[in-house]
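The structure under discussion appears below in the form of structure tokens.
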Amino acid sequence: MSGTSSPGPAPDALELAALLCSRVCHDLISPVGAIVNGLEVLDDNPKPEDRDFALELIRKSAKTASARLQFCRLAFGAAGSSGAQIDLGDAQAMAKGHIEDGKVTLSWNLPRLLLPKNRVKLLLNMLVIAQQTIPRGGTLTIDPVSEGETMSFRITAAGLNARVPQNIVDMLGGTAAAVDAHAVQPYYTRLLAQACGLTVKLALEGETVVVSAS
């Protein structure tokens, strides 16, 4: 009896759209909920110190929600017409706004140039995967592989107890049993890589985890 599972059926276009929407809603529900909580505190005529706390909570949560929306628009959305190009400088700004949260920092070693949008979307999705390999925080170092419009990427994740989640490896390799809202992001990453003629791999190298596209 084989120890590997057979790949599950691929989601159709409607299901894929629904799963990606679920993923985006999952990313936004926490900061939006915090904004609602802060407004409820203000509605209760709070003490001055409670009012200050509520305003700071609303301010911080609104900033987080905005950063996540901008990131998701580029990483999962249309982001321009078919064949459009995206500035890596814009991608860097959105990645920093979304991923740098006090636990994770980015070391961005990519040049500023225009790349086909699917390659930039692939890069941002690789960053999301790399972030999941350092649950206690650390540094993500992004380096170019090759140059020009055929540039691909290598992301090194360094942090305490860096790990390789097997479910993500299976999804990137096309061996996962099913695609659900939790697994749709690495599945979408694989689709983006295929559209670029690339394969994304996740591997442990010493005490770091490397996410690469080649």
Side-chain angles (χ1 to χ4, degrees), residues 3-30 68-69 71-79 86 91 94-95 98-99 101 103-104 106 115-143 145 151-159 161-205 208-214:
T4 60
S5 60
S6 299
D12 61 22
L14 284 175
E15 186 178 5
L16 178 60
L19 290 171
L20 285 173
C21 286
S22 294
R23 167 65 197 232
V24 172
C25 290
H26 176 271
D27 285 350
L28 291 174
I29 193 65
S30 178
R68 291 186 181 182
L69 272 172
F71 182 89
C72 288
R73 177 178 177 271
L74 189 54
F76 306 130
I86 295 173
M94 292 182 189
H98 176 59
I99 292 177
D101 57 1
K103 290 174 55 181
V104 177
L106 298 183
L115 282 185
K117 72 172 184 178
N118 277 348
R119 285 187 180 262
V120 178
K121 289 161 70 72
L122 173 61
L123 166 62
L124 296 182
N125 278 273
M126 288 171 63
L127 280 169
V128 173
I129 288 173
Q131 185 180 20
Q132 295 178 64
T133 69
I134 46 173
R136 300 183 67 176
T139 301
L140 302 179
T141 302
I142 307 100
D143 294 303
V145 178
M151 179 187 295
S152 57
F153 316 101
R154 174 185 170 93
I155 303 173
T156 304
N161 297 330
R163 60 186 177 84
V164 175
Q166 188 58 45
N167 62 318
I168 295 180
V169 172
D170 292 342
M171 192 57 66
L172 291 175
T175 59
V179 181
D180 57 21
H182 295 290
V184 69
Q185 192 274 324
Y187 175 78
Y188 185 62
T189 303
R190 176 158 62 91
L191 294 183
L192 287 170
Q194 290 173 349
C196 297
L198 300 170
T199 301
V200 175
K201 296 180 180 178
L202 188 62
L204 192 64
E205 293 189 6
T208 66
V209 175
V210 173
V211 185
S212 59
S214 59

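All values derive from a computational prediction rather than experimental measurement. Heavy-atom basis, side chains included; hydrogens, waters and symmetry copies ignored.
Between T208 atom OG1 and I155 atom CD1 the span is 12.5 Å, to the nearest 0.5 Å. One distance of note links CG of L172 with CD1 of I129; it measures 4.5 Å at 0.5 Å rounding. Between the CE atom of M126 and the CG atom of L192 there is a distance of 11.0 Å, given to the nearest 0.5 Å. Here the straight-line distance linking atom CG of L20 with atom SG of C25 works out to 11.0 Å at 0.5 Å rounding. I99 CD1 to L127 CG: the interatomic distance, rounded to the nearest 0.5 Å, is 4.5 Å. Rounding to the nearest 0.5 Å places CG of L123 at 7.0 Å from CD1 of I142.
Every residue was checked against the salt bridge (Lys or Arg N to Asp or Glu O under 4.0 Å) condition with R163, not counting sequence neighbours, and none meets it. Scanning for salt bridge (Lys or Arg N to Asp or Glu O under 4.0 Å) contacts around E15 gives an empty result, with sequence neighbours left out. Under the side chain to side chain contact (heavy atoms under 4.5 Å, CB included) criterion, N167 pairs with P165, sequence neighbours left out. With sequence neighbours excluded, the residues that form a side chain to side chain contact (heavy atoms under 4.5 Å, CB included) with L204 are V164, V209. Listed by chain and residue number, S152, R154 satisfy the side chain to side chain contact (heavy atoms under 4.5 Å, CB included) test with V145 (two or more places apart in sequence, or in another chain). Every side chain to side chain donor-acceptor pair (under 3.5 Å) that N125 has, sequence neighbours left out, goes to Q185. Remark: R190 engages Y187, Q194 in a side chain to side chain contact (heavy atoms under 4.5 Å, CB included) (not counting sequence neighbours). Residues passing the ring-ring contact (aromatic ring centres under 6.0 Å, His included) test with F153, sequence neighbours excluded: none. Applying the salt bridge (Lys or Arg N to Asp or Glu O under 4.0 Å) criterion to R68, with sequence neighbours excluded, gives no partner residue.
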Stepwise side chain to side chain contact (heavy atoms under 4.5 Å, CB included) test for L124 and M94
CA-CA 9 Å; L124 296 182; M94 292 182 189; 5.5 Å; no
Using side chain to side chain contact (heavy atoms under 4.5 Å, CB included), reason through T189 and V128 one step at a time and then give a plain yes or no.
CA-CA 10 Å; T189 303; V128 173; over 6 Å; no
Check the pair V211, L140 against side chain to side chain contact (heavy atoms under 4.5 Å, CB included), reporting the backbone distance first and the verdict last.
CA-CA 10 Å; V211 185; L140 302 179; over 6 Å; no
Mind running side chain to side chain contact (heavy atoms under 4.5 Å, CB included) on V184 and S22 for me, showing each step along the way?
CA-CA 9 Å; V184 69; S22 294; over 6 Å; no
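Counting only residues at least two apart or in different chains, side chain to side chain donor-acceptor pair (under 3.5 Å) contacts with residues 130-143 comprise T105-T139, N109-D143.
Residues R119 and L198 have side chains in contact (heavy-atom distance under 4.5 Å, counting atoms from C-beta outward).
Ring pair F71/H98 is parallel by interplanar angle, where below 30° counts as parallel and above 60° as perpendicular.
What you find for Y188 and F76 is that their closest heavy atoms are OH-O, 3.6 Å. Nearest heavy atom pair, residue I134 against residue A157, reads CG2-CB, 4.1 Å. Between A193 and V200, the shortest heavy-atom distance links the atoms CB-CG2, 3.7 Å. Of all heavy-atom pairs between A183 and M171, the closest is CB-CE, 3.4 Å.
Checked by atom type and distance alone, the side chain of K201 never pairs as donor or acceptor with a backbone atom of V210 at under 3.5 Å. A distance-only check finds no donor-acceptor pair linking the side chain of K117 to the backbone of L74 [under 3.5 Å].
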